[in-house]
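All remarks here apply to the structure that follows.
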Amino acid sequence: MYTEKYLIKKAAPLSGTVEISGSKNAALPVLAASLLCSGKITVLNVPKLSDVDVMLDLLAYFGADVKRSADTVTVDCGSVQNRTPEYETAKKIRASFLLAGALLGRFGSCSMPMPGGCGIGLRPVDLHLKGFSAMGADITLEHGLVHISAPRLHGVSIYLDFPSVGATENIMLAAVYAKGDTCICNCATEPEIVDLAAFINKMGGKIEGAGTDSITVHGVGSLSGCSYGILPDRIEAGTYMLMAAAVSGSDLCIKNVVPQHLAPVIHKLNETGIKIITGEDLIRVDSCGGIKNTDIKTLPYPGFPTDMQAQFMALMTTGKGSGIVRETVFENRFMYVSELNRMGADIKIDGRSAVVNGVSHLSGTAVKATDLRAGAALVTAALMAEGTTEIGEIHHIDRGYENLEEKLRGIGVDICRIREEQ
Ligand code: EPZ
């Protein structure tokens, strides 16, 4: 057994160009949706991430023919059988629960491990199940497995108490073959939802309203294979923007992005005094002289993304003045704060808010990633910290950042991955 760590030295100003990969949070639902189709699917711009590997393993377990070459994945679900996913594999990623909607849509039943909570919150799936039940499914929970069955799902109007991304996606998947129309009201409007709907429509589905707070899925009889390219990862892009903002004097070009998807992050960075120039598929960050702290409040899209909260907090640890960070989406998304304070930050948590008072500098020490975006925040802090920072538990980071070391080295960062036998 071994553990891997990053060693990151205080960075000189970042410069050059970083290319953004395909979106993890679009690739996972699109790959789950491929189960709905018995034809061959080609998905382009699929990031090489451990979460994606798990989803591909799950599809192969169901009997799909899965092939991967570079960032292209082909999936043929023609001979898929309906079976309960292998518990330990499914438990690795919460997105495995999206297979429920696809299996329900295609086979009319499924049995899935009940997802547990994770570091950032309880992560219930009550809204997913409420949608399936409203469409006519019977649901029982036994020995940690959710058994869902509905010989024929029927269209219905469903109101989501919270615009849950996963619930919106799962109900869309279950509704593709349902009898009649399904309307999902107060649904999520994230760009990844729009990508999933575009993919399903390319297979022959009929989904309208994706990107708005009301989606209508018209049930169809069949889908056919297609080729589809995943949209760029807006959270990866936003993370590199904040890294450039954190290292004063940086001039970084971030390519393969949709600037509109980063609008809340761009507005907040402008408030701190960072200069942002946007092109058609690129964003340039010019961090001339330090930042002024501001307040952020996370909200469902198009609000400030919760997946950027930790990274923005890291940025503000050495900014001028104080900033208030309010996390409204998840109930426990400040676990990384204690690690930043060990580097010399001055952050005080009060429930779902935190106040960060800028300090003169951070200093490198040994810290641990507690979840994916917490890990990204520690990398951002390490770029600013005096000396060398050692980041442990970096398997969390491998879940969501493709080729992080290579991309950071390419813009001037001294980073290396070390392996320690346990
Ligand atoms: C997706 O998670 C993303 N993951 C998350 O990204 C992201 O933080 C989140 O959306 C919000 O944008 C993927 O897309 C794979 P939610 P998801 O359902 O679907 C509550 C990352 O770092 N809720 O919108 O699980 C829930 O408890 C990850 O890439 C219910 O109460 O998020 C949470 O408080 C982290 N009941 C809130 O809604 C439900 O049935 C948002 O959850 C479902 C959710």
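We're numbering straight along the sequence, starting at 1. Atoms within a ligand are numbered from 1 in the order they appear, just like the ligands themselves.
Counting heavy atoms closer than 4.0 Å to ligand 1, residue Leu372 contributes side-chain atoms (C-beta onward) but none from N, CA, C or O. By the criterion of a heavy-atom distance under 4.0 Å, the side chain of Arg333, and not its backbone, is placed next to ligand 1.
A salt bridge links Asp281 with Lys255: at least one charged nitrogen is closer than 4.0 Å to a carboxylate oxygen. Salt bridge annotation for Arg417-Glu405: present, with a cationic side-chain nitrogen under 4.0 angstrom from a carboxylate oxygen. A salt bridge is absent between Arg409 and Glu406: the closest approach of a Lys/Arg side-chain nitrogen to an acidic carboxylate oxygen does not fall below 4.0 angstrom.
What you find for Met335 and Ile120 is that their closest heavy atoms are CE-N, 4.2 Å. Taking each heavy atom of Ala385 and Gly364 in turn, the nearest pair found is CB-N, 3.6 Å.
Residue-environment remark: NZ (Lys368) stays at or below the threshold of 12 foreign heavy atoms within 6.0 Å. Around CD of Gln81, the count of heavy atoms belonging to other residues, nucleotides or ligands within 6.0 Å exceeds 12. The neighbour count for Gln260 CD, taken as heavy atoms of other residues, nucleotides or ligands under 6.0 Å away, does not exceed 12. Around the NZ atom of Lys40, the shell of radius 6.0 Å holds no more than 12 heavy atoms that belong to other residues, nucleotides or ligands.
Checking His396, Lys407, Arg373 one by one against Tyr401, the side chain to side chain contact (heavy atoms under 4.5 Å, CB included) holds for a single residue, Arg373. Residue Lys48 forms a side chain to side chain donor-acceptor pair (under 3.5 Å) with just one option from Asn403, Asp53, Asp71, and that option is Asp53.
Checked against a 3.5 angstrom limit, the closest N/O atoms of Pro163 and ligand 1 fall outside it. Annotation: Ile120 places no N or O atom under 3.5 Å from an N or O atom of ligand 1; distance criterion only.
Close approach of ligand 1 to Phe162 (heavy-atom distance below 4.0 Å) involves ligand atoms 37 (C), 38 (O), 41 (C). Annotation for ligand 1: atoms under 4.0 Å from non-hydrogen atoms of Lys24 are 21 (C), 29 (O). Remark: ligand 1 atoms within the under-4.0 Å shell around heavy atoms of Val329 are 33 (C), 34 (O), 37 (C), 41 (C). Atoms of ligand 1 lying under 4.0 Å from at least one heavy atom of Leu127, given by number and element, are 36 (N), 39 (C), 40 (O). Residue contact check: Gly166 has heavy atoms under 4.0 Å from atoms 18 (O), 19 (O) of ligand 1.
The nearest protein atom to atom 32 (O) of ligand 1, hydrogens excluded, is given as Phe330 CZ, 4.1 Å; this is a heavy-atom distance. Nearest non-hydrogen protein atom to atom 36 (N) of ligand 1 is Asp126 OD1, 2.7 Å. Of all protein heavy atoms, the one lying nearest to atom 3 (C) of ligand 1 is Asn25 ND2, 3.7 Å.
Taking each of Arg123, Arg373, Gln309, Arg399 in turn, the one with a heavy atom nearest to atom 22 (O) of ligand 1 proves to be Arg373. In the candidate list Ile193, Asp233, Thr168, Val165, Val165 is nearest to atom 24 (O) of ligand 1, counting heavy atoms. Closest heavy-atom approach to atom 7 (C) of ligand 1 within the set Asp307, Asn332, Thr328: this belongs to Asp307. Selection from Pro124, Ser23, Gly375, Ser164 by nearest heavy atom to atom 39 (C) of ligand 1 gives Pro124. In the candidate list Asp51, Ile235, Thr306, Thr306 is nearest to atom 11 (C) of ligand 1, counting heavy atoms.
Not a single heavy atom of Glu169 sits under 4.0 Å from any atom of ligand 1. Contact annotation: Leu122 has no heavy atom less than 4.0 Å from any atom of ligand 1.
Evaluation of the ring-ring contact (aromatic ring centres under 6.0 Å, His included) rule for Phe312 yields Phe304 as partners, not counting sequence neighbours.
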